[in-house]
Structure formats: C-alpha cells, structure tokens
Amino acid sequence: MTSELAARLLQWYAENARSLPWRGHPDPYAVLVSEFMLQQTQVDTVIPYFNAWMERFPDAASLAAAPVGDVLRQWEGLGYYSRARNLHAAAGQICARFGGQVPAEVSQLESLPGIGPYTARAVASIAFGADELALDGNIRRVLSRLADMALPARSKEGKAALTAFGRQHLPGGKAGDFNQALMDLGATLCTPRQPACGRCPLAEHCAAHALGVEEARPVLPPRKTVPHYIVTAAILQRDGLILLAQRKPDGLLGGMWEFPGGKQQPDETLADCLARELQEELGVEAAIGAPFGVYRHAYTHFKVTLHAFFCTLMQGEPQPLDAAQLRWVQPAELRDFAMGKIDRQIAENLLAQLKER
DNA sequence: AATGCGTGGAA
DNA sequence: TTTCCAAGCAT
C-alpha cells in the first residue's frame, strides 16, 4: 500500500531526479563507493572523485589489492580520511569474507568498517531493493518538517520517531527510489534555509509548512565556537631532497604526509615555536630561515593560521619521534604523497618556486 | 552520550 | 569576511 505522500514523492522523483554517475548502475560496489564518499559531503564535490575512483579501482578486488598510500592519495581533498582507510579495509573483507561481492544484508553491511546504520540501509535499498529507510541529514530534515517534529532530530528519541514516521510511508519494493527521492528533495527544495515550499510536491502534506515553521525544523543542537591555532611548519632541504613526515594512522589527517611543525604556545615567537617543535618531533636542532607563506584553513572544530619557514639542519639526524615515519623525497615526488589541504598548497608553491629557478 | 573528524559552497 | 553546515561513523 503506497501512501499518497509516497506516490507524490515518487512521481516528482520520476520527473526531477538528478542524473548522477552512480545512478542507473546495477553495480553494488559503485553504490558502496558513492555512499562512502557522500558521508558528510555534497554531491557536487563527490562526482569527480567518484568517476576517477571507479577508473582507478573498478571493483573491490582492485581496491583491496592497492597499497593504502595509493588509496589515500586518490581520496586526497575529500576530507574525513578515515573513510578512505575504512573503504580500503572493507574491500579487503568483501574479498575475504564475501567472495568479492558486496553483501546484501544490513547486518552484513554494518559489520564492515566505515559502514553504519545509514550507509548499510542506503546500500541495501539502492543496490539490492531492500525495504529499508536510510536516515541521513536530508531525510532527517524533510521528515522533521513533514511531521513538524519538536524532538531534537539527532537524539535517540528523535531518530526513532523519524524512522517510524518514514517507515509508515515506505513503498514496498521501491525503498531505494523513496530514499533517493527524499534526499534529492532535501538537497534541492527542502533546504536548511529558505526552502522552496512553493515548488515542493509534498507541501500539502507538510505540518511545518502549514504552521510556517519550516526553518525551525529540524531541531538541532547549538554550535560551539571553534578555537583558532597559530602553527608553524618547516621546509627542511638536504642534497636536493625535502623532508616529509607521515602522521600517525588515527586522528586528524591520519596517515597523511606533512611538513613537520606544530602549534605555537603562549609567549613564544614563531621561530621559537618551530625550533621547539623540530626538537620535540625530530630530535634535531635547526636554524629557522626565510618565511615561505602564511596559510589559513578552517577545519570543522578549529581554525588554523600556518606560518611556513625554510629551515636548515644544524645538529642531529631527524627521527620519527612523533610521526609514523619520515621520508626525504625529491621535489617531483611530492605529488605522490597524500596530503591535507594546507600541506598540498605548500608543496605546490614549493614546486612552483623550484621551477622558476 | 558526546566528541572528533576535512573540505567546499552558499548566503 | 564570517557563519553555517552537508548522502555519518567510530570511540
């Protein structure tokens, strides 16, 4: 039994579905890759990464066989790098436990690293036609408005209420389209601010719209103010090679490569900061030379202003005291190492400068 | 349960 | 320029 709400939604989707590279493909691996990339990341950002990824790693076996460094390099720029490590590990388990085929059951999917309640149900419904509601940010927002839910949308009770409401309308055998239709609606019309209710196929069914409180739904927790750190980084050169440090596997930018350095402490000059960091992280004494740019970047939970400097080793051989490993690399090799946004910018500026001379 | 985890686009 | 926040998961 398809509710009138679901029928209208599916009709709208038939006429307005976005054309996306992972849609219309029967390949569950392609759906899985797209869902990993889409976690907390917008469609327009994902599309070029998805296309390049499928070219490079067309199936679970090719991904599982690749070195994790290559996987991170391919993911570079998408952020939340644990997703890349988890997808790589999941591909390994898919080959080892499921004969190279993405499993169809929610419980099997959730047993894979990086797959939680949302991704498991998205893959099960989209790739395998299972009757599952996939509750993501878009669907949470749309359903919160349709039901005018006053509960915090991300609380345990809120999620349970939204799941129950969504399941009431879930059309049997069409859950994949239902989920994707709600997500498209949320991304294009039922947006966080200034939703286009005038063009919404569900406006007549929307309790929040009837009350004019669309923008008050969903109820979200208040944002916290983020700290701002001043950090330094060193470009250490020797015999034409440049020193890179690989971050430890977990935490911020886990497994990514960077120019060594760290946070400035109170009452410390930038030069003092960098000299101290190089002593602590590499066990060396270094002279701090010419500045090489100021870089600003906003992460989710803090902001950074980074000051880069050319440095010269004075005493000691660099040791990976705080890094997973150190490498002296040729300038041309810089592009082979996965880096976060700021360090990639430094590396590219460095290459440009070396090319000039 | 609360927190940490990237980046880019929109307003 | 600043603020918000987007197809979540792990711990």
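In what follows, every chain begins at residue 1, and chains take the letters A, B, ... in the order their sequences are listed. No experiment lies behind these values; they were computed from the predicted model shown.
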- Message: Which residue is it: A/Phe57, A/Trp53, A/Phe50, A/Tyr49? I am looking for the one with a ring-ring contact (aromatic ring centres under 6.0 Å, His included) to A/Trp75.
- Response: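 Considering A/Phe57, A/Trp53, A/Phe50, A/Tyr49, a ring-ring contact (aromatic ring centres under 6.0 Å, His included) with A/Trp75 is found only for A/Trp53.
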
- Message: Could you walk me through whether A/Arg23 and A/Asp184 satisfy the salt bridge (Lys or Arg N to Asp or Glu O under 4.0 Å) test, starting with their C-alpha distance in whole Å, then the side-chain angles of each, then the deciding distance to 0.1 Å, before giving a yes or no?
- Response: CA-CA 12 Å; A/Arg23 284 188 178 163; A/Asp184 273 23; 2.8 Å; yes

- Residues in contact with DNA chain C, drawn from residues 16-23 of chain A - heavy-atom cutoff 4.0 Å: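 Nucleic-acid contacts, sorted: A/Arg18, A/Leu20, A/Trp22, A/Arg23.
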
Send over the distance from [X] [atom1] to [N] [atom2], rounded to a whole Å.
{"X": "A/Phe36", "N": "C/dG8", "atom1": "CZ", "atom2": "C1'", "answer": "10 Å"}
{"X": "A/Leu87", "N": "C/dA10", "atom1": "CG", "atom2": "C1'", "answer": "16 Å"}
{"X": "A/Glu110", "N": "C/dC9", "atom1": "CD", "atom2": "P", "answer": "8 Å"}

- Would you tell me whether A/Tyr118 and A/Asn179 have side-chain atoms, one donor and one acceptor, within less than 3.5 Å of each other?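 Side-chain D/A pair, A/Tyr118 to A/Asn179: absent.
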
- Message: For a quick check under 3.5 Å, do A/Gln39 and A/Glu35 share a side-chain donor-acceptor pair by atom type?
- Response: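 Judged by distance alone, the side chains do not pair up.
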
- How would you list, by chain and number, every residue that makes a side chain to side chain donor-acceptor pair (under 3.5 Å) with A/Asp322, sequence neighbours excluded?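 If we apply the side chain to side chain donor-acceptor pair (under 3.5 Å) test to A/Asp322, skipping adjacent residues, there are no hits.
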
- Message: Among residues at least two apart in sequence or on other chains, which ones pass side chain to side chain donor-acceptor pair (under 3.5 Å) with A/Arg217?
- Response: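 Result, side chain to side chain donor-acceptor pair (under 3.5 Å) vs A/Arg217: A/Asp148.
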
- Message: Return a single string for nucleotides 4-11 of chain B, one symbol per nucleotide in 5' to 3' order, where B is base contact, S is sugar-phosphate-only contact and - is none, cutoff 4.0 angstrom on heavy atoms.
- Response: BBBBS---

- Who pairs with A/Arg97 by salt bridge (Lys or Arg N to Asp or Glu O under 4.0 Å), at least two apart in sequence or on another chain?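 Expected list: none.
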
- A/Arg73: salt bridge (Lys or Arg N to Asp or Glu O under 4.0 Å) partners, not counting sequence neighbours: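 For A/Arg73 the salt bridge (Lys or Arg N to Asp or Glu O under 4.0 Å) partners, ignoring immediate neighbours, are A/Glu76.
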
